[in-house]
Amino acid sequence: MSKFFHFILIVATLVATSCMGDGFRSDVTFTADLGGIESRAIADGTTVNQVAWAVYVDGSSTPLKDMWGTMPLSNRQAELNLRLTTGRTYDIVFFAYYTENPSSTTEINGEINPLYYEVSFIDKMVSVKYDGATANDEKRDCFWHVENNLKVDGPINRKFLLTRPLAQLNFGVTESDFNSALGSTFKIEDTEITVDSYTKFNLFDGSLSEPMPTTIKFARNTTPLYNDDYLILKNQSERYKYLATTYTLVNEKCTSNVVLTFWDSTGIELHTLNYSFVPLQRNYRTNIIGHLLTNPHLFTIVIDEEFEGDHIH
């Protein structure tokens with residue numbers, strides 16, 4: 001199953017006869033395509049419905065006038081048409097995210113303000129909004145890409161990949177663990193995750209603005225445990241029920257202390273699990289899996305790629 005966004009870059013060179021002294025122009029078309037994603041509720045990227053973009057010329061620190069904005073994804077696709085000057089070099093950034101109304105995202109002076117993120121093309125920065133953040137919220141998913149030093153010098157046909165600037169953190173339980181918990185009337189209703197996360201990243205190079213992360217509590221929210229979605233890892237026959245999940249902005253590789261808390265349907269706190277030095281990696285999934293309900297000491301931590309490819313253990 002494909003789990004990534006494609007942008008297809010096609011440039012066809014044309015003569016701009018109406019722009020004397022400004023040289024040739026090239027029509028540039030970007031097509032955003034989610035590919036053949038099957039409909040699933042966890043980690044499939046289908047909550048992402050909008051793409052913000054901006055164009056910078058010859059290393060400029062500010063985007064070109066009227067060369068930034070947003071475009072909604074429709075049927076997993078969006079198309080951006082630009083006319084750029086042949087012979088010039090451009091930086092073009094993309095940030096794909098969820099918004100409640102893709103047709104009317106607020107845009108003010110180079111700022112885009114979707115539900116969970118704030119995008120500043122002036123500062124070249126994306127800020128994460130953590131106020132009111134809850135666990136098990138797939139709408140926090142996002143994707144990002146930058147085309148650096150794109151020289152427009154003739155026809156171009158290119159496909160490139162958007163990746164998550166985030167790590168995904170999952171907790172999964174075996175079906176036997178899940179059934180044993182149900183058999184003992186161990187009914188979980190909500191889960192909460194505490195994990196370290198950064199708050200801002202640079203659109204041009206992905207660097208983080210703070211020297212150290214902040215401890216973020218993704219507050220209690222309904223567990224996905226009773227959904228029909230399964231956490232399936234490559235080269236493993238076992239499949240796992242999702243107990244909790246969240247996204248966190250991280251460095252390329254880091255570790256974090258993680259706390260998982262869950263409650264029953266009456267609001268009674270059932271248990272808190274603490275994990276030290278959990279590895280997190282940008283654009284990868286960290287999976288804490290095992291008998292977390294009936295024997296929380298039996299667990300394994302596995303890192304695997306969010307997209308297609310070999311896994312890292």
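Every value quoted in this text rests on a predicted model; they were computed, and no experiment measured them.
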Q: Less than 4.5 Å apart, any side-chain heavy atom of Cys254 and any of Pro213?
A: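 Counting from C-beta outward, Cys254 and Pro213 never come under 4.5 Å.
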
Q: Return the CE to CG distance between Met125 and Leu208, rounded to the nearest 0.5 Å.
A: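 Result: 9.5 Å between the selected atoms.
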
Q: So, Lys217 side chain and Glu192 main chain: donor-acceptor pair closer than 3.5 Å or not?
A: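 Between the backbone of Glu192 and the side chain of Lys217 there is no qualifying donor-acceptor contact (under 3.5 Å).
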
Q: Any donor and acceptor pair, going by atom type alone, linking the side chain of Thr223 with main-chain N or O of Leu243 inside 3.5 Å?
A: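 Confirmed, Thr223 side chain pairs with Leu243 backbone.
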
Q: Do Phe299 and Leu292 come close enough that some side-chain heavy atom pair is under 4.5 Å?
A: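 Yes - at least one pair of side-chain heavy atoms lies under 4.5 Å apart.
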
Q: Does Lys124 qualify as a cation-pi partner of Phe204, given the criterion of NZ or CZ under 6.0 Å from the six-membered ring centre and within 45 degrees of its axis?
A: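 Flagged: Lys124 positioned over aromatic ring of Phe204.
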
Q: Run the numbers on Thr163 and Phe143 for side-chain contact (heavy atoms from CB on, under 4.5 Å), then give the verdict.
A: CA-CA 5 Å; Thr163 59; Phe143 294 78; 5.8 Å; no

Q: Can a donor-acceptor pair be found between the side chains of Thr222 and Asn136 at a distance below 3.5 Å?
A: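 There is no such pair between these side chains.
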
Q: Heavy-atom distance under 4.5 Å between the side chains of Lys241 and Tyr226, does that happen here?
A: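 Counting from C-beta outward, Lys241 and Tyr226 never come under 4.5 Å.
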
Q: Would Gln50 and Thr99 count as a side-chain hydrogen bond (donor to acceptor under 3.5 Å, both in side chains) here? Give the steps.
A: CA-CA 7 Å; Gln50 184 101 327; Thr99 183; 5.6 Å; no

Q: May I have the step-by-step check of side-chain hydrogen bond (donor to acceptor under 3.5 Å, both in side chains) for Asp137 and Tyr116, ending in yes or no?
A: CA-CA 11 Å; Asp137 187 354; Tyr116 294 133; 2.6 Å; yes

Q: What distance do Leu293 atom CG and Leu182 atom CG have between them, rounded to the nearest 0.5 Å?
A: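 Leu293 atom CG to Leu182 atom CG measures 8.5 Å (nearest 0.5 Å).
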
Q: Determine whether the aromatic ring centres of Tyr240 and Tyr242 lie less than 6.0 Å apart.
A: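 No, ring centres 6.0 Å or more apart.
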
Q: Which value, rounded to the nearest 0.5 Å, describes the distance between Ile289 atom CD1 and Asp177 atom CG?
A: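 So the CD1 of Ile289 and the CG of Asp177 are separated by 12.0 Å.
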
Q: Can a side-chain donor-acceptor contact be found between Thr245 and Asn170 if the only test is distance below 3.5 angstrom?
A: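 On atom types as modelled, these side chains qualify, holding a pair under 3.5 Å.
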
Q: Could you walk me through whether Asn257 and Asp196 satisfy the side-chain hydrogen bond (donor to acceptor under 3.5 Å, both in side chains) test, starting with their C-alpha distance in whole Å, then the side-chain angles of each, then the deciding distance to 0.1 Å, before giving a yes or no?
A: CA-CA 7 Å; Asn257 294 329; Asp196 292 342; 5.8 Å; no

Q: Is there a donor-acceptor pair closer than 3.5 Å between any side-chain N or O of Asn221 and the backbone N or O of Ala135?
A: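 Yes: the side chain of Asn221 pairs with the backbone of Ala135.
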
Q: With a 3.5 Å cut-off and no angle check, do the side chains of Glu269 and His271 form a donor-acceptor pair?
A: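 Note: Glu269 and His271 side chains miss the donor-acceptor criterion.
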
Q: Rounded at 0.5 Å granularity, tell me how far CD1 in Ile92 sits from CH2 in Trp53.
A: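 Answer rounded to 0.5 Å: 9.0 Å.
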
Q: If you group Ile, Leu, Val, Met, Phe, Trp and Tyr by side-chain heavy-atom gaps below 4.5 Å, do Val259 and Val278 land in one group?
A: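 Each belongs to a different hydrophobic cluster.
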
Q: Nearest 0.5 Å, please: how far is OG1 in Thr214 from OH in Tyr198?
A: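 If we round to the nearest 0.5 Å, Tyr198:OH and Thr214:OG1 are 9.0 Å apart.
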
Q: Is the shortest distance from a Lys or Arg side-chain nitrogen in Lys187 or Asp264 to a carboxylate oxygen in the other one below 4.0 Å?
A: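 Result for this pair is no, no salt bridge flagged.
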
Q: Under the side-chain contact (heavy atoms from CB on, under 4.5 Å) criterion, do Val51 and Phe95 qualify, and how do the steps go?
A: CA-CA 6 Å; Val51 181; Phe95 181 69; over 6 Å; no

Q: Between Arg220 and Trp263, is NZ or CZ placed under 6.0 angstrom from the six-membered ring centre and within 45° of the ring axis?
A: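 Positive - Arg220 is close enough to the ring of Trp263 and near enough to its axis.
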
Q: Hydrophobic clustering (ILVMFWY, side-chain heavy atoms < 4.5 Å, transitive) - are Val55 and Val57 grouped together?
A: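 Yes: a chain of side-chain contacts under 4.5 Å links Val57 to Val55.
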
Q: So, taking the atom named CD in Gln168 and the one named CD in Gln281, what distance separates them when rounded to the nearest 0.5 Å?
A: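 CD of Gln281 is found 14.0 Å from CD of Gln168.
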
Q: Please answer: with hydrophobic residues joined when any side-chain heavy atoms are less than 4.5 Å apart, are Leu298 and Leu270 in the same cluster?
A: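 As far as the 4.5 Å side-chain criterion goes, Leu270 and Leu298 are not connected within one cluster.
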
Q: Using the rule given for salt bridge (charged side-chain N to carboxylate O under 4.0 Å, His left out), can you reason through Glu175 versus Arg239, listing the C-alpha separation, both sets of side-chain angles and the distance that settles it, and then say yes or no?
A: CA-CA 7 Å; Glu175 290 190 276; Arg239 62 180 188 173; 3.2 Å; yes

Q: When you measure from the centre of the six-membered ring of Tyr247, is the NZ or CZ of Arg140 closer than 6.0 Å and no more than 45° off the axis?
A: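 Because its charged atom misses either the 6.0 Å distance or the 45° angle limit, Arg140 does not stack over Tyr247.
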
Q: Report yes if the side chains of Leu249 and Phe201 come closer than 4.5 Å at any heavy-atom pair, otherwise no.
A: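 Side-chain contact under 4.5 Å: yes.
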
Q: Counting only N and O atoms by type, is there a donor-acceptor contact under 3.5 Å from the side chain of Thr286 to the main-chain atoms of Ile303?
A: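 No.
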
Q: Would you check if Val126 and Lys200 make a side-chain contact, meaning some heavy-atom pair closer than 4.5 Å?
A: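 No. Closest side-chain heavy atoms not under 4.5 Å.
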
